[in-house]
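Every number for a ligand or one of its atoms is a count from 1 in the order of the listing. This chain uses plain numbering: 1 for the first residue, then up along the sequence.
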Amino acid sequence: MSAHLETAGIYVHVPFCLTRCGYCDFNAYAGLDHLASRYVGALLSEAELAAPAWEGVEVVSVFLGGGTPTTLEVADLKALLARVRSVFAVTPDAEVTIEANPDTVDEQKLAGLLEAGYGRLSMGAQSFDRSVLAALERVHQPASVIEAFRAARAVGYDNVNLDLIYGAAGETLESWERTLRETIALAPSHISAYGLTIEPATALGRQVARGDVPAPDPDLQADMFEAACCLLGDAGYGHYEVSNWARPGYECRHNLGYWERRPYVGLGAGAHGYRDGSRSWNVRPPEEYLSMIERGELPVGGSENLEPADAYLEEVFLRLRILQGIPASWVDDGRADPYLETGLLIRDDGHLVPTERGMLLLNELVLGLTG
Ligand code: SF4
């Protein structure tokens, strides 16, 4: 057994949302709220069905994502975490995160979540510019993010992430810098900033394909990434993964587990799991997931074993993403030289580590190094 197998994370997927955002290709649905209590029951059952295979493995993080997990009732979320803790070996100090949409939480709900054991809150802010939120088809307004954030602080949340997205149609560099400054002014412990990507099978993807909406401009997105690096760095946030910044000690343990290729359990419709070089995933449609669980079956949709060459590529990519770098000996002589000369890579203690410019060109870097 490798050292990596000693600890694991648990991801729980909740596929319900208030509305469907135009850019989103997650397994998320608006208008399925009538399934919520059946779904919670199914998650409780799946935790029990899945746990025996993970006996003896310490769980150091639990992450409720979606979708919008905070569409569920606090009592259900409490029961869910209690079940996960009772059937898996969750450590007492495990990081427990719940994703929230600002419109689904108020002080009372947040206090209930904190009391239930969800110690880390990850909120989808996306932008503080109304027109950018409209371009993303987000239902909330900038004021609701500020209100929800202050409510979280008021009830005692110390560990709060804000998610941001840059590069939507009409967003300028100035607007993005304002969003960054407003985010910094709230002083969250963690900030994720993702460049908008257009997925073909989404409403936005279809609008872009028809030419109704322009695709994100890669040069502008590169400038926006650099602005994030500068402003967040100056404000004391450490850049520990391509799209993630944190105050020291607030790096997301759960997500680091994915990037460090630690095993994780996936519970819920479409959730993925990983263990021993093998990935598996649950069936995606919530109704199909419910039927399988209600028949007493594990709702497995498929699995794959990573070929050694793919596993190597993935490891290089992930290690570069989190600035862990790769041992210089992994790369053939001379391959890294052009990237060292152009400042995309640096040498650190026998490792090749990307600079922030290198992070921006990560795909190129990985291809060039592994070729
Ligand atoms: S709230 Fe999040 S998961 Fe739900 S539709 Fe919007 S982007 Fe997707």
- prompt: Do N282 and E46 meet the criterion of a side-chain donor-acceptor pair at a distance under 3.5 Å?
  reply: yes
message: Between D25 and T202, do the side chains contain a donor N or O and an acceptor N or O under 3.5 Å apart?
response: no
task: Compute the ring centroids of F16 and Y29, then answer whether they are less than 6.0 Å apart.
output: no
query: Would Y39 and D76 count as having a side-chain donor-acceptor pair, cut-off 3.5 Å?
result: no
Presence of N, O or S from C21 under 2.8 Å of atom 4 (Fe) of ligand 1: no
task: Please verify whether a non-hydrogen atom of R138 lies at under 4.0 Å from ligand 1.
output: yes
- line: Ranked by distance from atom 3 (S) of ligand 1, the top protein heavy atom is G67 N, 3.2 Å
- prompt: Any heavy atom of T19 sitting closer than 4.0 Å to ligand 1?
  reply: yes
- prompt: Between Y240 and H190, does the ring centroid distance fall short of 6.0 Å?
  reply: yes
- prompt: What residue and heavy atom of the protein are closest to atom 4 (Fe) of ligand 1, and at what distance?
  reply: C17 SG, 2.2 Å
message: Is it the case that the side chains of D93 and T91 hold a donor-acceptor pair, with the cut-off being a distance below 3.5 Å and no angle test?
response: yes
Atoms of ligand 1, numbered as shown, that sit under 4.0 Å from any heavy atom of Y23: 7 (S)
task: Give the contacting part of L18 toward ligand 1: side chain, backbone, both or neither, where contact means a heavy-atom distance below 4.0 Å.
output: neither
- request: State whether C24 contributes an N/O/S atom found under 2.8 Å from atom 8 (Fe) of ligand 1.
  value: yes
